[in-house]
Protein chains: 2
Amino acid sequence: MKVTYEELTENIKSKGLKATQQRLEILKFVAESHIHPDAMEVFEKLKPSMPSISLDTVYRTLWLLAKHGLISTVGFPCERAKFDGNLKPHHHFICTICGTIYDLYDENLDKIPVPESINNIGEVTTTQIEIKGLCNKCRNTITN
Amino acid sequence: MKVTYEELTENIKSKGLKATQQRLEILKFVAESHIHPDAMEVFEKLKPSMPSISLDTVYRTLWLLAKHGLISTVGFPCERAKFDGNLKPHHHFICTICGTIYDLYDENLDKIPVPESINNIGEVTTTQIEIKGLCNKCRNTITN
DNA sequence: GTATCTGCAAAAATTTTGCAGGACG
DNA sequence: CGTCCTGCAAAATTTTTGCAGATAC
């Protein structure tokens, strides 16, 4: 999806951030791409047209944009690999502040119908609902 | 949930793996815990009762157990932080072999009813379906 | 006994941070 | 022009790897 620099500039400024060249290019690439890039991929894509850009700016900018909701992260934010020994069907609620993962059992969620279009992509092994939000513990901390 | 060493031993051997002390303890901890631990947390938990265990064994063992389906990973396996500039409601299919993430649009999935029990945990901001499986590209590679 | 597995140490890969100079508004 | 932002370099963190000795079966 093509986006204009005017839109991008406005989006960035609406969050009270400065619309620098680097931010515009990083946001443009992520917004227009469908590859769910990581920091290194963004860096390598921009490097040719912006030789002076540095990887740490890409990291800082991506997290900044994510924090302000201009982009999002796939899966859970800021995670190291986490493991789960619970093999029964269940779903997850994760708090975007503290990162705690809560298990969720619900028969209706277990029965989510997978859309037919999935056959064009591949073969399903598991389906899980991942709900992001703010846990009560963190909500209380903030209101204090 | 308590599990016996007999069960654990059997599970590990059923995959053609050797049931070593380290593997039994690692699997026992992950299977019985509800904290979705990362490698470091497993390591620190086992260290007192198993002073000689090393962190790299924990890493190797966790991925090995995950590969054989005795445990699973939360979210997507093996990931660096990935970013998504697509702000329209959508869901994800990820190939567990190549890691490619495909976007999935489906109105029915957008309307998943969040269970009431969520109120005991926290406040929802987003709900996404994350489907894991084997993409057609990788399926073809394997059959070759 | 033999193949598999572990611990050690070191390396690789990934991400974060402090600071001086530069750019935006 | 002042504040916020970037690039550089270095550090911190997280994860992987090679190898010799140990262990399961």
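All chains are named by letter (A, B, ...) in the order of the sequence lines, taking the proteins before the strands, and each is independently numbered beginning at 1.
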Would you indicate which nucleotide in [options] comes nearest to any side-chain atom of [X]?
X        : options                  : value
Arg60(B) : dG7(D), dC8(C), dG25(C)  : dC8(C)
Tyr59(A) : dT15(D), dG7(D), dT16(C) : dT16(C)
Leu55(B) : dG25(C), dT15(D), dG7(C) : dT15(D)
Lys13(A) : dT16(D), dC5(D), dG25(C) : dG25(C)
Arg23(A) : dA9(D), dG7(C), dC5(D)   : dC5(D)
Lys18(B) : dT4(C), dT3(D), dG7(C)   : dT4(C)
Thr57(A) : dC5(C), dG7(D), dA9(C)   : dG7(D)

Is the closest side-chain heavy-atom distance between [X] and [Y] below 4.5 Å?
X        : Y         : result
Met40(A) : Leu55(A)  : yes
His92(B) : Asp103(B) : yes
His90(A) : Tyr102(A) : no

- request: Tell me yes or no: between the side chains of His36(B) and Asn86(A), is some donor less than 3.5 Å from an acceptor?
  value: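 No - no donor-acceptor pair under 3.5 Å links their side chains.
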Distance, rounded to the nearest Å, where [X] contributes [atom1] and [N] contributes [atom2]:
X        : N       : atom1 : atom2 : value
Lys82(B) : dT15(C) : NZ    : P     : 11 Å
Lys15(B) : dC25(D) : NZ    : P     : 17 Å
Gln21(B) : dG7(C)  : CD    : P     : 11 Å
Met50(B) : dG7(C)  : CE    : P     : 7 Å
Glu44(A) : dA13(C) : CD    : C1'   : 13 Å
Phe43(A) : dA13(C) : CZ    : P     : 16 Å
Asp56(B) : dG18(D) : CG    : P     : 13 Å
Glu25(B) : dG7(C)  : CD    : C1'   : 17 Å

query: Taking OP1 and OP2 of dC5(D), is either one under 4.0 Å from a side-chain nitrogen or oxygen of Thr20(A)?
result: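 No, no such contact exists.
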message: Strictly below 4.0 Å: does Trp63(A) bring a side-chain N or O up to OP1 or OP2 of dT16(C)?
response: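 It does, given that an N or O in the side chain of Trp63(A) lies less than 4.0 Å from OP1 or OP2 of dT16(C).
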message: Under 4.0 Å, counting only non-hydrogen atoms across every strand here, what does Ala39(A) touch: a base, just sugar-phosphate, or nothing?
response: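 If one applies the 4.0 Å heavy-atom cut-off, Ala39(A) turns out to touch nothing in the nucleic acid.
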Given DNA chain C, 5'-ward residue of the pair Ser54(B) and Met40(A), judged by closest heavy atom: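 Checking each residue's closest nucleotide, the 5'-ward one belongs to Ser54(B).
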message: side chain to side chain contact (heavy atoms under 4.5 Å, CB included) for Ile112(B) and Ile129(B)? Distances and angles first, verdict last.
response: CA-CA 9 Å; Ile112(B) 297 295; Ile129(B) 321 296; 3.7 Å; yes
